[in-house]
4 protein chains.
Amino acid sequence: MEPSAAEDDATVPEQDHRPAERPPTGHRRTEPRRRQERAILRRERLLEAAVELLEEGGFTAVTHRAVARRAGVPLAATSYYFTCRAALLAEAFTLLVERELAAIRAHLEAVPADPPDALAEALVQILNHDRQRRLGLWELYLQAGRDPDLQRIARAWTDGCDEIVSWVLHRSGHHARPSQVRFVTTVLSGLWVEGIVEDRLDARRRIREVLTHTLAALRAP
Amino acid sequence: MEPSAAEDDATVPEQDHRPAERPPTGHRRTEPRRRQERAILRRERLLEAAVELLEEGGFTAVTHRAVARRAGVPLAATSYYFTCRAALLAEAFTLLVERELAAIRAHLEAVPADPPDALAEALVQILNHDRQRRLGLWELYLQAGRDPDLQRIARAWTDGCDEIVSWVLHRSGHHARPSQVRFVTTVLSGLWVEGIVEDRLDARRRIREVLTHTLAALRAP
Amino acid sequence: MEPSAAEDDATVPEQDHRPAERPPTGHRRTEPRRRQERAILRRERLLEAAVELLEEGGFTAVTHRAVARRAGVPLAATSYYFTCRAALLAEAFTLLVERELAAIRAHLEAVPADPPDALAEALVQILNHDRQRRLGLWELYLQAGRDPDLQRIARAWTDGCDEIVSWVLHRSGHHARPSQVRFVTTVLSGLWVEGIVEDRLDARRRIREVLTHTLAALRAP
Amino acid sequence: MEPSAAEDDATVPEQDHRPAERPPTGHRRTEPRRRQERAILRRERLLEAAVELLEEGGFTAVTHRAVARRAGVPLAATSYYFTCRAALLAEAFTLLVERELAAIRAHLEAVPADPPDALAEALVQILNHDRQRRLGLWELYLQAGRDPDLQRIARAWTDGCDEIVSWVLHRSGHHARPSQVRFVTTVLSGLWVEGIVEDRLDARRRIREVLTHTLAALRAP
DNA sequence: GATGAATGAGACTTCATTCAT
DNA sequence: GATGAATGAAGTCTCATTCAT
């Protein structure tokens with residue numbers, strides 16, 4: 001295969017066809033906006049591709065080449081839209097965190113606050129759902145231990161979790177102090193990372209047990 | 001190529017010194033052991049180098065080249081002693097887990113069981129100590145999520161932690177059920193990974209708070 | 001690394017000479033074609049180098065390094081223009097087959113059809129000419145026995161030979177049935193491979209004898 | 001896996017056990033012979049392994065490592081029993097040629113001479129049988145084009161074929177002249193190499209057709 | 001005699017990034 | 001603005017062969 005067959009399919013047509021397709025009104029104004037739109041779209045597509053690859057193959061799978069191919073974009077575009085690989089990863093991490101937090105919030109909003117059992121079940125589902133995505137998220141999270149830029153985002157993740165925990169506890173009538181919120185988030189982190197990595201058969205039971213003890217701690221004086 | 005100069009420095013001396021060290025009885029029998037010893041030593045040196053690099057630069061820093069250079073050994077030696085990079089990493093992971101568990105055990109054995117405050121302080125120290133090493137350990141731990149070979153070792157890590165937790169609790173008079181042990185280990189995992197990655201200023205206070213809540217849970221009915 | 005000096009010698013001149021050659025009309029349009037041309041040229045040079053090496057040293061001599069060095073191109077260029085070594089070899093095989101068939105056709109067209117002796121002499125020359133090139137061709141031909149991609153090309157070679165044989169026979173007044181054409185091609189294959197490999201002193205006589213018997217078979221009822 | 005696990009299984013026991021197992025008669029004479037026997041056996045085993053690998057994976061698959069592993073022998077033994085890879089291949093070629101010729105002879109001896117159709121069928125079977133082995137044989141045959149040592153053996157192969165052809169023709173009442181024998185052998189070579197490489201569906205029919213024409217040539221004046 | 005240890009050379013391939021156009 | 005071309009650096013791994021024991 002030629003080195004860049006896939007990329008050509010995606011890009012060359014756009015370039016060559018557009019001048020001819022332009023509406024005869026001759027609005028020059030619309031052209032730049034078009035371009036800008038395309039640029040934004042491309043950026044998003046690249047980011048999306050990076051996230052996908054991260055989830056599928058982990059940190060090392062996110063290469064310029066792979067991202068470009070996945071996004072259907074010429075190789076050099078990755079360097080054009082992102083200053084370097086690290087920047088791309090940082091944005092991907094941000095996106096991943098945002099999505100994850102939103103997904104969790106949405107999941108919990110759909111669950112009634114009253115029966116604690118329903119909450120437990122919801123958490124089990126959250127913690128067990130889509131192992132690949134979590135792997136990617138946690139891989140970047142850990143990478144943040146070596147990279148100050150990522151660390152900022154890692155903290156945003158933890159803070160977001162705190163916020164959600166706080167809201168859930170409040171909704172259930174618990175007037176949780178910050179340290180209690182932190183405690184719960186920490187427990188969840190532990191559960192998460194263990195669950196993702198070890199992939200044990202009795203994962204569900206383990207989660208439930210830990211949650212039971214956690215709630216017991218919250219009720220303690 | 002480039003490392004050829006360095007490796008000679010490391011190996012030739014051993015070879016040259018030996019004749020002088022040989023006992024005058026002239027037992028030829030001891031000779032084969034020498035070679036074998038040197039080989040074992042080399043293997044260990046390579047492993048050590050891999051562990052160091054892992055701690056310093058993370059997963060991707062453990063390359064054949066880097067390991068060989070660090071160990072003062074020709075490049076091809078890495079492939080001679082370890083069938084592939086993955087095998088090297090797996091052994092490094094095992095070593096890291098063993099050491100870490102041993103270090104924690106040693107640390108805790110030196111702490112009196114009675115005053116819970118002393119225990120808390122010990123944990124703070126364990127969790128805060130040698131951030132680099134932990135980063136390496138947890139990076140491999142997470143990598144186990146994608147690699148079944150590593151997963152086995154990851155579980156050994158968690159199981160080892162369970163064992164230590166169980167012993168500590170028992171020593172303190174807690175008759176902890178397995179699920180409680182698991183709970184504590186999970187909390188510690190959460191603390192660990194958060195602490196390593198986020199590197200917050202108030203880490204010590206956070207750890208103490210979480211431990212307080214954890215102990216409260218254990219005392220709860 | 002080492003070839004970096006050589007490749008500059010090969011490429012920089014082209015770049016530097018061009019500005020002088022550019023037509024004074026100053027058409028920017030021509031520029032992109034320049035680059036593309038250079039790329040095509042490079043590809044051809046690489047292929048040419050591969051063919052040469054194949055002829056000289058056989059299958060195993062066609063390495064990325066050797067090809068790059070021979071073509072006066074950086075090592076990575078071989079991977080840029082050909083996805084893998086197999087692809088390079090496949091293209092080299094194709095090229096070799098095409099050239100060989102063309103050369104044979106040209107050779108035979110220059111020979112009068114009438115005196116059968118002239119034809120025999122032409123065949124002797126074809127079969128004896130440029131032993132190295134044939135060695136490369138037949139080595140790849142045989143390799144096709146293990147590689148389906150090459151097999152396609154191997155058949156093209158045989159089919160091309162059939163076609164030529166058919167044309168020659170027709171030109172000489174023989175109305176050869178397909179099975180007869182195949183027979184002749186097979187005989188030629190046998191002659192070829194034997195002649196190339198064994199390199200006997202009486203090669204010429206052997207070829208003539210076999211051809212005599214072959215023609216006898218064609219005249220048989 | 002450790003670099004030499006397989007080899008140890010095969011060799012260490014032999015070395016260590018023998019002194020204890022030696023019969024008490026104390027015949028020192030038998031020991032050297034034992035050793036020699038073992039050496040011969042090993043040599044054969046290595047050769048056998050080389051032949052197998054050649055058939056399975058072709059020329060490039062015959063590496064010291066692969067041969068040693070296949071033979072269940074320490075890596076260095078390959079260099080100990082054969083001066084170099086080329087020597088090993090040369091012997092393998094010889095062995096392959098001998099076996100092949102013997103197999104063909106055996107096959108043809110079992111076929112009645114009279115009905116020409118039976119002979120044709122036998123040839124079809126010979127030419128179609130065990131494609132892998134033939135590939136290895138012909139690969140070495142072609143390699144002989146570049147290696148004078150192998151060329152000697154290649155000629156032995158052709159001469160052996162001549163001999164067989166001569167015998168078969170004679171048995172069938174044909175009083176074939178040498179040039180006719182050579183013609184037939186050449187045709188067979190062509191058939192062989194084409195058949196092995198191209199692996200076409202109508203191979204059987206093609207072979208039969210070519211044989212028909214070949215026999216026609218022999219009957220011609 | 002036999003072999004584990006060792007290694008320089010080199011295999012193929014990928015990568016991030018730059019640059020001229 | 002976008003991108004094909006380009007490449008130095010480095011990646012993992014295999015190989016034939018030597019040598020000390």
Side-chain angles (χ1 to χ4, degrees), chain A residues 2-4 7-8 11-12 14-15 32 35-36 38-39 42 60 63-66 68 73-81 83-86, chain B residues 1 3-4 7-8 11 15 28 31-36 38-39 42 60 63-66 68 73-86 88, chain C residues 1 3-4 7 11 15 28 31-36 38-39 42 60 63-66 68 73-81 83-86, chain D residues 3-4 7-8 11-12 14-15 32 35-36 38-39 42 60 63-66 68 73-81 83-86:
Chain A
E2 248 50 320
S4 50
E7 296 142 13
D8 283 357
T11 61
V12 167
E14 293 184 325
Q15 252 186 342
R35 281 215 186 169
Q36 208 176 326
R38 193 182 84 125
R42 279 204 154 184
T60 55
T63 68
H64 281 163
R65 279 166 156 66
V73 144
L75 172 58
T78 50
S79 288
Y80 182 69
Y81 287 102
T83 49
C84 63
R85 187 175 170 263
Chain B
M1 207 176 293
S4 61
E7 95 243 356
D8 281 357
T11 60
Q15 265 184 335
R28 291 275 143 131
E31 286 261 305
R33 199 199 300 195
R34 275 282 157 63
R35 288 218 303 156
Q36 209 175 325
R38 193 178 90 115
R42 274 200 153 192
T60 55
T63 68
H64 281 165
R65 271 161 145 80
V73 144
L75 176 57
T78 52
S79 287
Y80 180 69
Y81 285 100
F82 300 90
T83 43
C84 62
R85 185 176 172 263
L88 175 58
Chain C
M1 206 176 293
S4 60
E7 97 242 357
T11 59
Q15 263 184 336
R28 289 278 141 130
E31 287 261 304
R33 199 199 300 196
R34 275 282 156 63
R35 288 219 301 154
Q36 210 174 323
R38 192 179 90 115
R42 275 201 151 193
T60 55
T63 68
H64 281 163
R65 272 160 145 80
V73 145
L75 175 57
T78 52
S79 287
Y80 181 69
Y81 285 100
T83 46
C84 61
R85 185 177 173 263
Chain D
S4 51
E7 297 145 15
D8 283 357
T11 60
V12 167
E14 293 183 325
Q15 251 187 342
R35 282 214 185 167
Q36 211 177 324
R38 193 181 83 125
R42 278 203 157 185
T60 57
T63 68
H64 282 164
R65 280 165 156 65
V73 143
L75 171 58
T78 50
S79 289
Y80 182 68
Y81 287 101
T83 48
C84 63
R85 187 173 170 265

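Protein chains get the first letters and strands the later ones, always in sequence-line order, with residue 1 at the start of each.
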Tell me whether the OP1 or OP2 atom of E:dT3 has a side-chain N or O from D:Tyr80 closer than 4.0 Å.
-> no
So do the side chains of B:Thr60 and A:Thr60 get within less than 4.5 Å of each other, counting heavy atoms only?
-> yes
Starting at the 5' end of DNA chain F, which residue's closest nucleotide do you reach first, C:Ala76 or C:Ala39?
-> C:Ala39
Rounded distance (Å) that lies between atom C1' of E:dT14 and atom CZ of B:Arg85 | 14 Å
Rounded distance in Å - NE2 (D:His64) to P (E:dA5) | 19 Å
Per B:Arg42 side chain, nearest of listed nucleotides E:dG1, E:dT7, F:dA2 = E:dT7
Using atom CZ of B:Phe82 as one end and atom P of F:dT12 as the other, report the distance to the nearest whole Å.
-> 14 Å
Between C:Arg85 and C:His64, what is the shortest heavy-atom contact and its length?
-> N-NE2, 3.9 Å
Nearest to the side chain of A:Pro74, which nucleotide is it out of E:dC12, E:dG4, F:dT3?
-> F:dT3
When every non-hydrogen atom of B:Pro74 is compared with those of B:Ala68, the smallest separation belongs to O-CB, 3.9 Å
Comparing D:Ala86 and A:Tyr81 on DNA chain F - which has the more 5′ nearest nucleotide | A:Tyr81
Taking side-chain contact (heavy atoms from CB on, under 4.5 Å) as the test, write out the residues that go with D:Tyr81, two or more places apart.
-> D:Ala39, D:Arg42, D:Arg43, D:Leu46, D:Ala77
DNA chain E nearest-nucleotide lookup for A:Ala66 and A:Ser79: closer to the 5′ end is A:Ala66
Side chain of D:Thr78, backbone of D:Leu75: donor and acceptor closer than 3.5 Å?
-> yes
Using atom CZ of B:Arg65 as one end and atom P of F:dA9 as the other, report the distance to the nearest whole Å.
-> 11 Å
side-chain contact (heavy atoms from CB on, under 4.5 Å) filter on C:Ala66, not counting sequence neighbours, yields C:Leu53, C:Thr63
Determine the stems involving DNA chain F; a stem requires 3 or more consecutive pairs of the Watson-Crick or G-U wobble kind, each with both distances below 3.5 Å, and the answer is none if no such run exists.
-> E:2-21 with F:2-21
For B:Leu75 and F:dG11, what is the distance between atoms CG and P respectively, to the nearest whole Å?
-> 9 Å
Which nucleotide sits closest to the side chain of D:Ala77: E:dT7, E:dT3, F:dT3?
-> E:dT3
